[in-house]
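Since the structure comes first, as structure tokens, the remarks are kept for the end.
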Protein chains: 2
Amino acid sequence: MGEETRPGTLRPGGRTAQVRAAVLQAAGDALAEQGFAHLDLAEIARRAGVGKTTVYRRWGSVPGLVADLLMDMAEQSLPRARTGSLLGDLKANSRLVQRTLTDPRQGMLFKAVIAAAVCDARTAEALHRFYDARITEWAPCVQEAVDRGELPTGTDPREVIRAVSAPLYYRLLASGDPLDEAAADQAAEAATAAARSGAYITP
Amino acid sequence: MGEETRPGTLRPGGRTAQVRAAVLQAAGDALAEQGFAHLDLAEIARRAGVGKTTVYRRWGSVPGLVADLLMDMAEQSLPRARTGSLLGDLKANSRLVQRTLTDPRQGMLFKAVIAAAVCDARTAEALHRFYDARITEWAPCVQEAVDRGELPTGTDPREVIRAVSAPLYYRLLASGDPLDEAAADQAAEAATAAARSGAYITP
DNA sequence: TCCTTAATGGAACTATGGTCCCGTTAGATG
DNA sequence: CATCTAACGGGACCATAGTTCCATTAAGGA
């Protein structure tokens, strides 16, 4: 039961790939300009120079399309920093997140992705995988700090990385407080201090 | 220009208040059951035993209604803790947030409010005021800790409170990691440790 | 190269969310 | 308790998001 193939999986080359690229580009543009609320799949199809039917068939709904957009973004993630100190690495990370979230296009996109994940379980799953991959990329910074003796043994590297991003997302989505470099540095410093004192030791 | 009075403001007593209460109750129910995506104002009107026209006239759109729901919740916020120690107070706060976000009804509601805020600027403004009020309620816990000598002078109390909630919201909205008591305690401990080491001193 | 069929695209159609109109109900004021 | 009118309620109406149908195009393999 349920073994039907999704459109775009059996002939993924040539036109199919072009259509996907054009639609994702158009979706990103529309999202950045109009926001998640007024997103219209027909409008996106028009921008992409693609039939409206195609968009509905391939992606089905707005959250579905946003989820695919997220997959696309996940492939372009930047490699982690290697500054030699924990604080240096974490500041590089927090600055990167801060710049991403304050970039007009990327910021809108992340907000939309969060909203879409709230609306749709599949999108939420894609979002969780996205952050899982990011955290896995950066966690070695913390592990190396443990190995260097900067942090107590038993420190959970992934928790530390999460702790760096969390305040920035809280500002973006909840409190609305300014999301500047000072906030980014503070997040990195707080995570470092907490980690040093053993707050992220998990047995 | 723009001086027209909104419905429900000139005769706020009797039926008008009952309608508001019934609609907000129905909206909360529908939100908890079906989520933000499939929210239908006509459905809410039916549940509330109220005319569909009334809902559209008073609240206009889904984000508008969700914003009002948020106002209603803001009035029922609990008073801050007074345990005598910073860690005790912050743990009380983080546990409260954790219980709220994991409660089936309240959790869905908060997710919906965040999504609505992403979609609508007015709702975002209401959300920011909500968190501002919550932070103002709890900030004295930190100020008292500074006065007792538990924390360095110059520590920004509001930053510390934000730092407690942030990891919990990050889990709820972004990473999808478990949102249990251990996570709540860890958030409080990390914020305490970071504050002690001066990470939240703002000149 | 040719053949099969996956995938696309246009257009007509449907369904559902949202608006408008107008008569009815009931809060506020004296 | 009488009056005025803010606010409500029902139903007709409208716009547009989403579906279905079928002809056309081109990917992938013999």
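Each chain gets a letter, A, B and so on, in the order the sequences are listed, and its residues count up from 1.
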Test salt bridge (charged side-chain N to carboxylate O under 4.0 Å, His left out) applied to A:Arg99 and A:Glu181, step by step: CA-CA 8 Å; A:Arg99 279 198 307 273; A:Glu181 293 199 342; 5.6 Å; no
For A:Glu150 and A:Glu144: C-alpha separation, side-chain torsions, deciding distance, then whether side chain to side chain contact (heavy atoms under 4.5 Å, CB included) applies. CA-CA 9 Å; A:Glu150 273 196 72; A:Glu144 289 173 7; over 6 Å; no
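- Residue order along DNA chain C, read from the 5' end via each residue's closest nucleotide, puts A:Gly51 first among A:Gly51 and B:Val62.
- A donor-acceptor pair is defined here as one N or O able to donate and one able to accept, closer than 3.5 Å; no such pair exists between the side chain of A:Ser197 and the backbone of B:Ala193.
- Nucleic acid contact for A:Thr16: sugar-phosphate only, since backbone atoms but no base atoms lie under 4.0 Å from a heavy atom of the residue.
- For a distance-only test at 3.5 Å, the side chain of A:Lys52 fails to qualify as a donor-acceptor partner of the base of C:dG10.
- In this structure, B:Arg58 reaches the sugar-phosphate backbone alone: every heavy-atom distance under 4.0 Å involves primed, P, OP1 or OP2 atoms, never a base.
- The CD atom of A:Gln18 sits 15 Å away from the P atom of C:dA7 (whole-angstrom rounding).
- As rounded to whole Å, 14 Å separates atom C1' of C:dT16 from atom NE2 of B:His38.
- Atom C1' of nucleotide D:dA15 and atom CG of A:Asp40 are separated by 12 Å, given to the nearest angstrom.
- Listed for the A:Glu137 side chain is a donor-acceptor partner under 3.5 Å among the backbone atoms of A:Arg80.
- Summarising the geometry, the separation between CZ on A:Arg15 and P on D:dT25 is reported as 9 Å, rounded to the nearest angstrom.
- Going from atom CZ of B:Arg57 over to atom P of D:dA7 covers 9 Å, rounded to whole Å.
- What separates CG of B:Leu41 from C1' of D:dC8 is a distance of 16 Å, to the nearest Å.
- For C:dG9, the OP1/OP2 oxygens have no side-chain nitrogen or oxygen of A:Thr53 closer than 4.0 Å.
- The nearest whole Å value for the distance from the CH2 atom in A:Trp59 to the P atom in C:dA7 is 12 Å.
- Here D:dG9 presents its P atom at 15 Å from OH of B:Tyr56, a figure rounded to the nearest Å.
- In this structure, A:Tyr131 and A:Phe110 have tilted ring planes: the angle between them lies in the 30° to 60° band.
- Side chain A:Ser61 to base D:dG18: no donor-acceptor pair is found below 3.5 Å.
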